[in-house]
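A quick note: this is a predicted structure, and the numbers were derived from the prediction, not measured. Atoms considered below: every heavy atom in the structure, side chains included; atoms not considered: hydrogens, waters and symmetry mates. Convention: sequence-line order gives letters A, B, ...; per-chain numbering from 1.
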Amino acid sequence: MRFLRGEPFAVAGVAIYAVIVAAAVLADRVAPYNPTEILRANRRIARYLPISGDFWLGTTSSGMDIASQLIFGARTALQVGLTAAFAVVAIGTVLGLLAGYLGGWVDKAITRLADVVLGLPFLPTMLVLASLTRPGTGIVVFTVTALLWPNTARVIRSQVLSLRERAWVEAARVAGCSNARIMFVHILPQVLPLAALYGSVAIGWAILAEAAASFLGFGDPASMSWGVMLQDAYANQALSRGAWNWFVPPGVAILAMVLAGFMISRGSEKLLFPKLGDN
Amino acid sequence: MWRPLFVLAGLMVPMVAQAQGDPIRPLTIITQPQAADPREYQAAQIVAEAWRKLGLTVNLRPLPGQQFTQVVWYERKRWDVTTWQMVGRPERGDPDELTYNLFVSANADNGYDFVGYINPAYDALAQAQRQELDLAKRKALVLEAQEMINQDQPYGFMVHPKNVVAFNKSVWDPKSFVAQAGIGIRSTWSWLNVAPLGAQKDVILNSVAPPTNLNPFNIPGAQGSWATEMVWDRLMRVGPDGLPTPWAAEKVERPDPLTVTVTLRKGMTWSDGKPVTIEDAVFSLEAPGYGDKSPMYKPFVRNISSVTATGPDTLTIKLKNPDAAFLISSLAKLNLAPKHIWAPIFEDLKTKPQTAESIQEDKPVGSGPFRLVKAALNQEIVLEANPTHWSKPKVSRWIMRIMPNVEAALGALKSGEINFLADYTGDPQILRDLAKANPNIVVSEALDIGFRFLAYNERRPPFDSKPFRQALSAMIDRQLLAEDAWGGAAEPSNSWVSPALEAWASKDIVKRVPASLDLVAAQKLLKDAGFVLVGGKLHYPTGVKETTAPFN
Amino acid sequence: MLRVIAERVGHLVLVLWVVATLTFLMFRLMPGDPTLNFLSPSFNDETRAALMRSFGLDRPLWEQYVIYMWQLARGDFGVSFLQNQPVSVLLWDALPNTAVLTVVSLVLAYAIGIVVGAFLAFRRGSAVEGVAIPVALATRAAPEFWLGMLVLAVFAFHLGWFPTGGAVSPGGTMGGVWERLGSADFWWHLCLPAVTLTLFLQGLPLLLMRATMLEVLNDEFITMARMKGLSRWSIVMRHAARNALLPVVTAFALGLGASIGGNVVIETVFAWPGIGRVLVGAVQASDYPLAQGAFIMIAFVLVVMNTVADLAYAWLDPRVSVGARR
């Protein structure tokens with residue numbers, strides 16, 4: 001947490017994450033309703049209710065409580081975001097480590113693979129994959145992982161390139177440490193903070209990708225995510241009915257979560273633009 | 001203290017289990033994704049909630065377009081329940097097509113009877129109404145068929161939707177629109193008759209989806225058909241009253257059940273200047289039957305045994321079987337295509353794998369009241385009035401804008417970018433409110449011929465049980481669906497014949513759903529059939545094992 | 001330098017080939033039957049088989065692959081299932097619209113980003129910075145379609161200043177690329193999508209410019225210049241900015257490639273008849289040849305722009321060049 005000092009943006013980012021995590025953990029207790037329950041008023045469905053004491057953000061066209069959906073949405077957001085981020089960081093770090101430390105054909109192969117992956121356009125690939133398999137959050141996480149690891153790998157690789165020339169690595173080698181041991185015990189801890197920063201950006205991409213997939217009709221409406229909420233609001237013409245209480249909150253929630261990732265990672269702008277950082 | 005009880009409970013479980021069958025597996029309702037059809041998705045949500053009250057576990061599973069069709073239509077043993085719709089087409093103004101195709105057992109394997117409903121008594125009825133040329137007798141048969149389906153409930157009918165459209169009355173004379181039964185004012189008759197009030201003489205309307213290529217042997221989707229109907233003439237058209245009306249034919253007669261004679265209208269020309277001849281008419285009725293080169297239109301000529309020109313403007317059609325609906329289902333469906341263009345194309349296709357549907361002419365040649373001048377993918381279709389047509393339109397162009405975004409279509413109507421909102425999938429109340437705030441906008445609602453329903457897969461237990469299906473259907477609150485899911489722009493349904501077809505509809509059939517909306521009565525239906533509720537979960541009757549895998 | 005170019009181009013061809021192969025596999029190995037959507041489900045199996053044959057889908061996979069590669073090499077993407085026109089015709093019709101939208105937005109985004117970024121570097125630590133940076137980041141963090149719909153709601157639905165979608169007015173003609181660029185109607189339709197895309201794109205150049213400016217400002221030659229008595233602003237503009245532009249220019253090339261594919265959402269929101277919209281429509285309608293063609297074209301643009309960026313970087317930055325300069 002020391003890196004937070006003198007970084008007001010990073011502090012703000014961490015604060016946003018804290019709120020989201022709290023909402024996700026406490027969703028059952030905080031949310032006033034079951035987010036997928038169709039609420040009734042007499043026999044009719046309680047649809048399009050405005051903001052009130054009972055319904056903090058009103059209700060949807062299906063008579064569901066928007067505030068509860070928003071709160072439970074934090075869970076999906078964290079699930080999708082963290083899974084994707086973890087996978088991206090894990091794969092990117094390991095491959096970057098291997099490429100940077102071992103060099104030679106391993107490096108070449110991994111670099112080539114990264115080039116090919118960077119040649120696959122992100123959203124189009126996700127759309128095509130989603131249309132071919134079962135749409136939903138799984139495909140979002142998969143695409144984010146499969147297409148974004150090269151960014152992390154590149155940065156880690158260049159970092160490792162400089163680290164492996166250090167005296168203590170040489171010392172470890174002389175002392176008879178195996179390559180694996182040097183890579184994963186000695187070097188890995190040095191590059192992990194950098195990788196973690198990439199992870200916080202990947203969380204953002206995963207959330208945005210999920211929202212885009214939902215909008216284009218390839219989301220999983222059964223999951224209670226902010227992207228699905230936005231799609232729900234859009235499909236039911238929240239804009240035309242002036243239901244800002246429905247259309248704005250999920251968008252702001254997504255924005256806040258992605259923004260938080262950006263802010264935390266802003267310690268180095270190069271992180272936002274990895275290609276320039278390595279040479 | 002509790003230990004002996006525990007043991008007892010352990011002993012009890014197998015004993016109880018013998019008193020009923022296995023618990024029913026979790027059932028899955030397949031729907032379209034919410035993005036594709038928010039109303040249908042919401043309806044499925046409401047129904048699923050109601051069915052859970054019967055002690056069932058019900059899940060919703062949205063599938064995107066292509067997978068949806070694939071599973072429902074081609075993997076007929078795999079799914080439990082699906083949402084589905086039959087859309088209103090002019091030729092469905094005669095109930096024959098749906099009465100016959102949807103429920104006859106011959107169609108169960110790979111035809112329209114995708115739910116696998118098998119009932120020989122129904123087959124006989126459907127066949128009888130098809131061959132009955134006496135209108136009164138045929139009506140009685142169609143009513144009887146509807147009652148039979150009401151008892152068997154192979155579908156959980158939901159609603160007959162209304163077509164909700166709107167236009168700008170500062171541009172168009174509201175009195176000049178023509179409402180067609182079961183379709184409303186978004187009809188070919190409107191485009192032929194609508195009169196401009198001022199300088200704007202182009203009809204500009206919206207479509208949510210882009211049509212496929214336009215040619216007389218292709219059915220280019222619902223919206224594309226609006227255009228093809230006007231570029232190519234037909235011998236007959238479905239009139240505003242829903243009855244077949246001579247169009248490019250001057251006269252159509254049926255001297256006996258197997259013969260139809262047609263007199264062609266004189267003086268018609270193709271858009272390339274050549275005259276429309278009786279040979280063209282004969283060709284147009286025969287061409288869809290050539291080989292397998294026109295699969296979409298082939299079904300409409302299957303019952304034709306021969307077509308012969310009997311004079312310079314007369315022809316005779318001989319049928320294989322009596323067919324009460326022939327004039328609507330075939331003569332008002334088949335496009336007149338120029339023989340001098342299409343005969344060589346069909347000849348050329350003989351050696352190629354392509355079909356006639358795939359042909360895209362550079363400048364399509366038709367004899368209709370409009371001519372195609374532009375078709376740009378994802379942008380627009382532009383038709384121009386044919387000044388030499390015998391039924392010359394009063395507008396100069398007919399422009400269909402492709403607008404995938406419903407909100408944008410509404411905005412475009414407000415701003416005047418479009419002057420006819422033809423394809424509106426949104427909430428009708430929003431449109432009504434818009435019209436209230438904007439006096440130039442007029443909303444028009446008309447009950448559609450089509451219907452929305454839940455299809456029960458009779459191949460998979462427990463849907464093979466009639467009382468089970470009845471209980472499910474009983475729990476569908478059709479009024480609630482019409483009011484809330486469809487925003488009031490729908491009528492409750494319990495039949496494939498829409499009340500829009502007054503002559504054929506069975507009055508109050510919605511009120512005759514067995515055990516309608518009565519949870520106790522529905523539970524009794526199940527109980528009488530041997531289904532048992534254990535701890536709130538519905539089980540099969542005694543001795544019945546759950547052998548069907550849940551849909552996943 | 002020539003050697004670098006030859007090497008990168010060779011590499012480019014290799015990557016293109018792999019991407020094309022991956023695309024082929026992706027589209028062929030999917031479950032389901034591609035003929036479903038344009039067939040009425042009432043057709044019999046024979047008819048379906050005939051249609052499969054007409055699209056060459058009945059041949060063995062390797063044979064399909066060879067045909068596909070051979071056609072691709074000649075710029076032939078096959079025939080659209082639903083439109084029954086050559087895919088290449090449909091794509092070439094849409095590509096210019098996407099290119100114009102992307103280039104205009106990128107130029108705007110970079111113009112704004114560079115100026116504001118330089119300014120913020122100059123005013124480092126000020127209150128302005130504290131506001132500007134979160135705002136710049138926020139527009140990048142917002143879901144595109146949400147931002148687009150809000151822009152539409154305000155400027156098209158409520159104020160009525162701009163059209164609600166499309167690239168030309170109803171019944172208008174859309175001629176060749178130059179004709180389009182000379183048409184006021186086209187530009188008027190371009191405004192809202194371009195503004196939305198600009199909002200989405202400006203964060204990166206802004207932050208990049210600011211960061212590199214900060215680095216350059218600390219360099220020795222700036223101190224030298226300052227000692228020569230030049231004014232602060234002219235130092236920034238003449239010396240620092242010029243040096244700071246290097247990574248920004250490279251980012252531009254990369255952005256061009258990435259955003260051609262990333263436009264799918266904005267093109268859908270604004271009904272902009274570009275290649276992203278073709279892709280979305282084709283995927284939704286299961287028009288595989290068209291979807292595949294659009295996908296490959298987007299991927300190729302991306303790969304080529306990646307290489308251009310690599311080359312530009314190698315050329316502009318003496319540190320990475322292989323001793324060719326210096």
Is chain C contacted by the side chain of [X], its backbone, both, or neither, given a heavy-atom distance below 4.5 Å?
{"X": "A:L127", "value": "both"}
{"X": "A:Y234", "value": "side chain"}
{"X": "A:V117", "value": "neither"}
{"X": "A:S240", "value": "neither"}
{"X": "A:L259", "value": "both"}
{"X": "A:I207", "value": "neither"}
{"X": "A:L120", "value": "both"}

Quick one: does any side-chain atom of [X] pair with a main-chain N or O of [Y] as donor and acceptor, under 3.5 Å?
{"X": "C:E267", "Y": "C:R277", "answer": "yes"}
{"X": "A:W246", "Y": "A:S61", "answer": "no"}
{"X": "C:N263", "Y": "C:G276", "answer": "no"}
{"X": "C:T98", "Y": "C:I275", "answer": "yes"}

* To do: Could you please spell out the steps behind the side-chain contact (heavy atoms from CB on, under 4.5 Å) verdict for A:Q79 and A:T137?
  => CA-CA 9 Å; A:Q79 266 164 17; A:T137 47; over 6 Å; no
* Are side-chain N/O atoms of A:D232 and A:T60 paired as donor and acceptor at under 3.5 Å? ->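 Note: A:D232 and A:T60 side chains miss the donor-acceptor criterion.
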* Asked: Would you call A:D115-C:R8 a salt bridge at under 4.0 Å N-O?
  ->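 Salt bridge absent between A:D115 and C:R8.
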Is it the backbone or the side chain of [X] that comes under 4.5 Å from a heavy atom of chain A, or both, or neither?
{"X": "C:L22", "value": "side chain"}
{"X": "C:A153", "value": "side chain"}
{"X": "C:L147", "value": "neither"}

* Contact leader toward chain A among C:H11, C:Q292, C:R140, C:H158, where contacts are heavy-atom pairs under 4.5 Å ->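 Heavy-atom pairs under 4.5 Å are most numerous for C:H11.
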* When only pairs under 4.5 Å are counted, which of C:W146, C:F157, C:F300 shares the most heavy-atom pairs with chain A? ->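 Most pairs with chain A among the choices: C:W146.
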* To do: Identify the heavy atoms of C:L279 and C:F295 that sit nearest to each other, and give their distance.
  =>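 Minimum heavy-atom separation between C:L279 and C:F295: CD1-N, 3.9 Å.
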* Most chain C-contacting option - heavy-atom pairs closer than 4.5 Å, from A:A211, A:A233, A:G251 ->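 It is A:G251.
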* In chain order, what residues pass the salt bridge (charged side-chain N to carboxylate O under 4.0 Å, His left out) check against A:R112, with sequence neighbours excluded? ->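 Partners of A:R112 under the salt bridge (charged side-chain N to carboxylate O under 4.0 Å, His left out) test: none.
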